[in-house]
Amino acid sequence: DQQVKQNSPSLSVQEGRISILNCDYTNSMFDYFLWYKKYPAEGPTFLISISSIKDKNEDGRFTVFLNKSAKHLSLHIVPSQPGDSAVYFCAASTSGTYKYIFGTGTRLKVLA
Amino acid sequence: NAGVTQTPKFQVLKTGQSMTLQCAQDMNHEYMSWYRQDPGMGLRLIHYSVGAGITDQGEVPNGYNVSRSTTEDFPLRLLSAAPSQTSVYFCASSPRPKSLEQFFGPGTRLTVL
């Protein structure tokens, strides 16, 4: 049973436009959510996070939105740049469990 | 700082062989973990440790052993490799168990024939 789902395996966006990556979860006990970016042949790198007490967190071009009632979060990248082309994973955790559950990833391609 | 290092980068094993994937971090992080990444499956947690001498199981622990004798090292042992363990393995660490951000190593690509 996949507790964290990224239903879009891939996404193509024109440079300068907004990229929106989506993530759904089923476990209502999750209270921390994270996004990681992964380039080929490298390990994932942390991008941005959000706690369940917030509905938005912003860091430069990256904004994460959390809709707890819908059990949905999204990552917005504005403006998108070719260097943003990578696989993006969302992950979720419950306080005190020390376990992180990752989604299957979305491959973003930003076209120049 | 070297960050999180993993050795080897690539490994081919025959079914039934054993081996240890090495992971080390020089950031004095308390929390370390192992994940495997398979096509269409994302990253799945194998084992984790919240400090030296303390380990626990993740989502997919079967077939793997870990130990944490020092803060720096967190080796992953395959006792009897199986083709189902063909995967890319990532080690990660974070300053505290409840820290949101994990730092990942570059990965080890393992093939079991």
Side-chain angles (χ1 to χ4, degrees), chain A residues 1-10 21-27 30-54 57 59 62 64 66 73 86-107, chain B residues 2-7 9-10 21 23-25 27 29-51 54-61 66 68 74 87-109:
Chain A
D1 178 32
Q2 191 76 21
Q3 297 186 67
V4 178
K5 301 177 185 179
Q6 293 176 258
N7 293 318
S8 298
S10 63
L21 296 95
N22 294 305
C23 180
D24 298 295
Y25 61 96
T26 57
N27 188 341
F30 289 146
D31 54 6
Y32 284 111
F33 303 89
L34 310 90
W35 285 94
Y36 283 83
K37 178 168 72 174
K38 184 183 180 304
Y39 293 117
E42 294 183 10
T45 54
F46 172 77
L47 201 53
I48 193 169
S49 64
I50 189 167
S51 161
S52 61
I53 62 173
K54 295 184 175 182
N57 189 26
D59 184 2
F62 302 92
V64 56
L66 176 62
L73 67 156
V87 177
Y88 289 79
F89 291 98
C90 65
S93 180
T94 303
S95 297
T97 65
Y98 311 126
K99 295 181 181 180
Y100 299 84
I101 308 298
F102 280 75
T104 52
T106 296
R107 183 177 303 276
Chain B
V4 179
T5 58
Q6 292 183 237
T7 55
K9 287 190 186 304
F10 302 94
L21 306 186
C23 175
Q25 52 91 7
M27 298 173 283
H29 285 175
E30 290 182 22
Y31 182 90
M32 296 185 74
S33 55
W34 276 102
Y35 293 86
R36 58 178 290 175
Q37 184 189 9
D38 302 295
M41 299 293 289
L43 287 92
R44 291 182 293 169
L45 181 64
I46 304 171
H47 286 285
Y48 65 95
S49 168
V50 299
I54 306 170
T55 64
D56 206 345
Q57 296 181 351
E59 297 176 80
V60 289
V66 291
R68 184 96 181 269
F74 191 44
S87 187
V88 180
Y89 291 85
F90 291 101
C91 178
S93 73
S94 64
R96 299 165 300 281
K98 293 186 179 180
S99 176
L100 296 178
E101 177 181 356
Q102 292 189 79
F103 296 82
F104 281 82
T108 294
R109 183 174 292 275

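Note that the coordinates shown come from a computational prediction; the quantities given were computed from them, not determined experimentally. Chain A is the first sequence line, chain B the second, and so forth, proteins listed ahead of strands; every chain is numbered from 1.
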Contact part of A/Ala41 toward chain B, heavy-atom cut-off under 4.5 Å: side chain, backbone, both or neither? backbone

Can you tell me how far CD of B/Glu101 sits from CG of A/Leu47, rounded to the nearest 0.5 angstrom? 10.0 Å

B/Tyr31 and A/Tyr98 aromatic ring geometry - parallel, tilted or perpendicular at 30°/60° bounds: tilted

Region of B/Gln37 that comes under 4.5 Å of a non-hydrogen atom in chain A: side chain

Side chain, backbone, both or neither: which part of B/Phe103 has a heavy atom under 4.5 Å from chain A? neither

Tell me, do B/Tyr48 and A/Tyr100 make a side-chain contact under 4.5 Å, heavy atoms counted? no

Restricting to non-hydrogen atoms, name the atom on A/Pro44 and the atom on B/Leu43 that form the minimum distance, rounded to 0.1 Å. CG-CD2, 4.1 Å

Comparing B/Lys9, B/Arg109, B/Met41 against chain A, the one with the most heavy-atom pairs below 4.5 Å turns out to be B/Met41

Please indicate whether B/Arg44 has more than 12 foreign heavy atoms, meaning atoms of other residues, nucleotides or ligands, lying under 6.0 Å from its CZ. yes

Give a yes or no answer on whether the side chain of A/Tyr36 reaches the backbone of B/Gln102 with a donor-acceptor pair at less than 3.5 Å. yes

